[in-house]
Amino acid sequence: MEQHVTPCEDAPPPLMYRVERPVFDEAYLHTQLLHPRERSPKTIRQRLAQQLHCSSERAKAIALSFLPILTWLPSYPVKEYLFGDLVSGLSTGVMQLPQGLAYAMLAAVPPVYGLYSSFYPVLLYTFFGTSRHISIGTFAVISLMIGGVVVREAPDSMFTIQALNGTATNTTVFIDTEARDARRVHVAVVLTTLVGVIQLVLGLLRFGFVAIYLTEPLVRGFTTAAAVHVFISQLKYLLGIQTPRFSGPLSALHSVMAVFSDITSTNVTTLIVGGVCMVVLYCVKDLNERFKKKLPVPIPGEIIVVMVSTGISYGLSLSENYQVDVVRTIPSGLLPPAIPDFSLLPNLVTDSIAIAVVGFSMGISLAKIFALKHGYSVDGNQELIALGLCNFVSSFFHTFAITCSMSRSLVQESTGGNTQIAGLLASMVVLLVVVAIGFVFQPLPQTALAAIIMVNLLGMFKQFRDIPALWRTSKIELAIWLVAFVASVLLGLDLGLLVALGFAILSVIYRTQSPKSVILGQVLDTGLYCDVDEYEKAAECTGIKIFHSNSSIYFANSDLYLNALKEKTGVDPVHLQAIQKARKRKLKKESAERESQNHKSPQKMSAVVKLDVELGVTHEVVAGGGSQNHLEGQGNGQVAETHTESDSEETRFLEPLCPVHTLILDWTPVNFIDSVGAKAIKLVIKEYAAVDVCVFIAGCSRTLLAELRTLQFFTGVATPEMVFPTVHDAVLHSRRRTAPPTIPAIQ
């Protein structure tokens with residue numbers, strides 16, 4: 001015979017949870033059960049001595065935290081890591097070259113400065129950074145923000161020169177590009193110095209947490225808007241037309257209008273070269289994505305495009321024969337260090353703060369992703385210090401601000417990079433080009449660099465897919481994404497970031513002022529309490545309302561909390577007090593009318609009621625008859641009560657005003673309370689007490705209770721006896737308090 005065994009037969013018995021204890025309140029817990037540790041407060045001198053004490057262990061810990069390379073380099077596994085780091089470094093360096101040249105155009109400085117920015121910061125980050133996989137260097141968003149500031153401080157109009165054209169009446173206006181570029185380099189360098197100082201100071205002050213205010217939807221909406229700005233800025237290079245560069249609010253719209261107004265002068269050769277480069281790059285990226293598991297290293301599409309387009313430009317003399325704009329002069333070697341012109345600082349403070357925060361948020365977010373994937377940790381404060389040192393020190397060598405690049409970091413990690421040795425090798429590749437073969441790239445068409453930039457924006461434009469996903473999951477985060485995108489596109493990246501950050505903070509305030517408020521009910525035969533509207537097994541306790549609101553209580557939402565309490569429970573003390581006063585007035589009026597009627601016609605009284613106090617028996621004297629004993633027909637031990645009309649009215653007055661006798665405030669989600677919130681709660685407790693409704697508080701954390709004691713909450717109507725550690729404690733106490741007294745049976 002076959003036996004069918006159900007899964008339940010083999011299941012282990014459920015784990016039981018049995019606790020039997022008295023019902024606790026805060027007065028008992030604080031005085032009898034919990035005894036705080038006695039800690040003598042430390043003086044300021046003791047605290048300073050503790051913070052500033054020096055020992056060999058402390059010095060070693062500080063050195064290791066400041067130079068993270070010392071934690072992994074001595075134990076570097078050469079056989080396991082060196083080959084992967086070598087391949088990764090060469091691949092990243094080959095990718096770093098064209099991106100450095102291209103992103104310099106976004107920063108509105110000559111291309112060679114992009115190569116400088118791809119060498120010095122990468123070298124420094126190897127020693128001071130905590131991430132092992134991110135690729136430091138030029139990045140499109142930061143470069144564009146720098147370009148906006150540079151163009152604002154050194155516009156073309158400052159360097160226009162009028163030259164006579166044969167006669168005194170004919171003049172030609174042209175731009176002194178050499179002076180303009182020199183001025184723009186000065187602005188970019190000073191801006192980078194200030195960005196480095198801000199990041200360094202924030203890191204030393206342990207302000208690494210500032211990145212949490214740039215939430216992911218905000219960053220993704222902002223970077224998508226930056227991609228739109230970058231794409232628009234490269235249209236003129238792709239088409240080969242000459243248009244001014246705009247900055248400030250509506251600069252994107254002005255740039256688009258300028259491009260379309262001059263589109264008839266498009267250089268066809270430039271467009272063809274740029275279009276072919278874009279197609280090749282897109283195909284190479286698609287192949288790398290499809291066959292990334294089979295390819296040992298990604299195909300270096302950017303360097304292929306740069307080398308081929310440079311060779312074609314040199315062979316066909318595109319610059320002379322077809323008026324295609326090329327990179328032109330790339331000086332060989334490194335420039336000597338120089339002190340920036342700090343007279344420009346006052347105009348750049350606001351912009352430098354925005355660039356510093358955005359650059360750090362980009363770096364730390366990507367660093368945390370790789371750290372989580374590979375099982376190590378990154379220090380946000382040290383990352384700020386590392387980026388600050390990279391920007392500050394490198395600015396003396398003529399670089400512009402940097403951060404990590406998403407595309408290069410993915411290449412560095414996917415090609416086998418294990419440590420920043422890969423970044424060090426990438427910087428050596430850039431150094432080789434700068435020192436030895438930089439002149440080779442002088443015929444490189446600018447349209448090829450524009451194509452590289454535009455195709456690399458593809459990943460950012462894919463972030464538009466966030467919109468339907470956020471629509472399904474979180475409307476508030478969708479609003480943050482859209483505000484960050486629209487504001488950054490229309491107002492510019494600096495003002496757009498400020499607006500987006502303000503909106504994100506307002507959304508937090510909105511959430512605290514629009515919490516979800518529910519009434520809890522007990523799940524049968526358990527100590528669990530859940531939303532009665534959501535779960536059918538949760539039933540309200542008779543005469544008890546348990547109010548739960550997932551927010552703290554402070555000045556901005558205390559009134560909203562109380563309004564939600566009255567609305568959800570249906571118990572409004574003001575309304576009940578009005579009913580109570582109306583009952584009193586009605587009773588007083590009826591008593592007055594009855595007394596006046598008795599005074600006017602005393603002869604019409606048909607009976608006199610006397611009460612025998614000793615016997616507890618009511619006798620009624622009837623005109624024309626004897627006395628009638630109301631004890632007739634009553635058994636032994638039974639007493640019949642006769643109520644007059646006045647007694648029945650008094651009984652009606654003493655009836656409860658509402659069926660709810662207890663309110664329990666579940667403060668499990670409450671993190672903090674301020675003085676305004678504490679006063680509001682005490683006031684509502686007093687109002688409910690006036691209509692015979694008790695208010696209990698349950699689920700307070702010890703931190704919150706300490707705040708309540710500091711605020712002197714437990715005075716007057718509020719006492720520790722009305723605070724319970726759990727909702728179930730409060731419910732059991734309420735049932736015990738309102739249970740009818742037990743009358744012993746008469747033997």
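Residues: numbered from 1 along the sequence shown.
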Using 0.5 Å steps for rounding, measure from the [atom1] atom of [X] to the [atom2] atom of [Y].
X	Y	atom1	atom2	result
Ile136	Leu124	CD1	CG	10.5 Å
Gln99	Ser117	CD	OG	13.0 Å
Phe139	Leu366	CZ	CG	8.5 Å
Glu302	Arg408	CD	CZ	10.0 Å
Leu144	Gln234	CG	CD	9.0 Å

Report yes or no: does [X] contribute a side-chain atom to a donor-acceptor pair with the main-chain N or O of [Y] at less than 3.5 Å?
X	Y	value
Ser309	Val305	yes
Arg220	Asp466	no
Ser507	Ala504	yes
Gln382	Phe128	yes

Practice task
Flag the pair Arg152 and Asp351 as a salt bridge only when some basic side-chain nitrogen lies within less than 4.0 angstrom of an acidic carboxylate oxygen.
Solution key: yes
Problem - Plane angle bin for Phe485 and Phe464 - parallel if under 30°, tilted between 30 and 60°, otherwise perpendicular - result: perpendicular
Problem - Aromatic ring pairing Tyr76/Tyr81, orientation class (parallel under 30°, perpendicular over 60°, tilted between) - result: perpendicular
Side-chain donor-acceptor contacts of residues 312-324 below 3.5 Å, not counting sequence neighbours, with atom names and distances?
from: Ser313; atom 1: OG; to: Pro443; atom 2: O; distance (Å): 2.7
from: Asn321; atom 1: ND2; to: Leu316; atom 2: O; distance (Å): 3.1
from: Gln323; atom 1: NE2; to: Glu320; atom 2: O; distance (Å): 3.2

Exercise for the section: Decide whether a cation-pi geometry holds between Arg132 and Tyr376; the criteria are a distance under 6.0 Å from NZ or CZ to the six-membered ring centre and an angle within 45° of the ring axis. Expected result: yes
